[in-house]
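Worth saying up front: this structure is predicted, and the values here are computed from it rather than measured. Along the sequence shown, residues carry numbers from 1.
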Amino acid sequence: MKLLYEQSAPYFSVPDITGATIDLESYRGKKTLICFLRYAGCPFCNLLLSSLVERYPRYHDKGLEIIAFVQSPRESVTERSMERQNPKPVFPIIADPEREIYEKYGVEVSATKAISSLVKTPLSFMRVANKHFPQGKIDGSLLLMPAFFLVQPDLTIYKSYYTADFSTGIPDIDILDFLLFK
């Protein structure tokens, strides 16, 4: 089930890849972007993560926190491409190989969208190649679509962004609009 405007963000309290506990309740009073990516070896997800890492200082200065989930086991995230991001992410990354939190947020698994992604994304293939994000080990569903949630300080959903393909992230304009929204 997709999450809608003003629904409560599903609660979680889980360790990130460093072992620190990330408890959604500790984000009360803050504007937060929760990202659900595919798997650690996905070049498109590494491109999405790289983009968030690059924009994070500007977002954080405006009051945004970011939490990222990946469906790979912790070891995959720390040993491979996501941990080799340059610069490194300074926000929590959470491994959720059983996709328990993914299910709470209604993150989609879609063969139709996955196949469509391969046809729609030639420009993304070029961006992936330019950033040197090779295809890594596939330790998650190839059919999982990324999803992004802007969560208000009262821990309700401001905007849900269920992607139509695996190379699309949440538009920068939506994040900036959220940060300006009182």
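- When the ring-ring contact (aromatic ring centres under 6.0 Å, His included) test is applied to Tyr102, the partners found at least two apart in sequence or on another chain are Phe36.
- A ring-centre distance under 6.0 Å is not found for Tyr105 and Phe148.
- Under the 4.5 Å side-chain criterion, counting only non-hydrogen atoms from C-beta, Phe91 is in contact with Val53.
- In this structure, the side chains of Tyr39 and Leu144 stay at 4.5 Å or more apart for every pair of heavy atoms.
- Hydrophobic cluster membership differs between Val107 and Met1, with clusters built from Ile, Leu, Val, Met, Phe, Trp and Tyr side chains linked at under 4.5 angstrom.
- A cation-pi arrangement is present between Lys30 and Tyr27 under the rule of less than 6.0 angstrom and at most 45 degrees off the ring axis.
- Using a 4.5 Å cut-off on side-chain heavy atoms (C-beta onward), Ile94 and Val70 make no contact.
- Between the CZ atom of Arg38 and the OG atom of Ser72 there is a distance of 10.0 Å, given to the nearest 0.5 Å.
- Leu48 places a side-chain heavy atom less than 4.5 Å from the side chain of Leu37.
- Taking CD1 of Ile67 as the reference point, atom CD1 of Ile22 lies at 6.5 Å (rounded to 0.5 Å).
- For the pair Tyr56 and Leu64, the tightest heavy-atom approach, listed with the atom from each and the gap, is CE1-O, 3.9 Å.
- Of all non-hydrogen atoms in Asn46 and Ala40, the two that sit nearest each other are ND2-O, 2.9 Å.
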Derivation of the side-chain contact (heavy atoms from CB on, under 4.5 Å) call for Arg99 and Ser141: CA-CA 10 Å; Arg99 295 196 320 243; Ser141 173; 3.3 Å; yes
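- Put simply, the side chain of Lys2 reaches to within 4.5 Å of the side chain of Glu108, judged on heavy atoms.
- The distance from the CG atom of Leu49 to the SG atom of Cys35 is 8.0 Å, given to the nearest 0.5 Å.
- Within the 3.5 Å criterion, the main-chain N or O of Ser13 finds no donor-acceptor partner in the side chain of Asp23.
- For Arg74 (side chain) and Ile17 (main-chain N/O), a donor-acceptor pair under 3.5 Å exists by modelled atom type.
- Between Leu33 and Ile175 the shortest side-chain heavy-atom distance falls below 4.5 Å.
- Note that CG of Leu150 is 12.0 Å distant from OH of Tyr5, once rounded to the nearest 0.5 Å.
- Exactly one residue among Tyr162, Tyr161, Phe69, Tyr158 makes a ring pair (Phe, Tyr, Trp, His ring centres under 6.0 Å) with Phe149. That residue is Tyr162.
- No side-chain heavy atom of Gln152 sits less than 4.5 Å from a side-chain heavy atom of Lys31.
- Between Arg58 and Asp172 there is a salt bridge, since a side-chain N of the basic residue sits under 4.0 Å from a carboxylate O of the acidic one.
- Put simply, Ile173 and Leu179 are part of two different groups of oily side chains (I, L, V, M, F, W, Y) that touch within less than 4.5 Å, one to the next.
- Side-chain contact between Ile34 and Leu24 is present, with heavy atoms from C-beta onward closer than 4.5 Å.
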side-chain contact (heavy atoms from CB on, under 4.5 Å) between Gln71 and Asp96, intermediate numbers included: CA-CA 5 Å; Gln71 66 173 325; Asp96 184 12; 5.9 Å; no
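- By the salt bridge (charged side-chain N to carboxylate O under 4.0 Å, His left out) test, Asp174 pairs with Lys159, sequence neighbours left out.
- In this structure, Glu103 contributes its side chain and Glu100 its backbone to no donor-acceptor pair below 3.5 Å.
- Atom-to-atom distance recorded for Thr168:OG1 and Phe44:CZ is 10.0 Å, nearest 0.5 angstrom.
- Atom OG1 of Thr156 is separated from atom CG of Leu3 by 11.0 Å, given to the nearest 0.5 angstrom.
- Judged by distance alone, with hydrogens and angles left aside, the side-chain atoms of Thr163 form a donor-acceptor pair with the main-chain N or O of Pro146 at under 3.5 Å.
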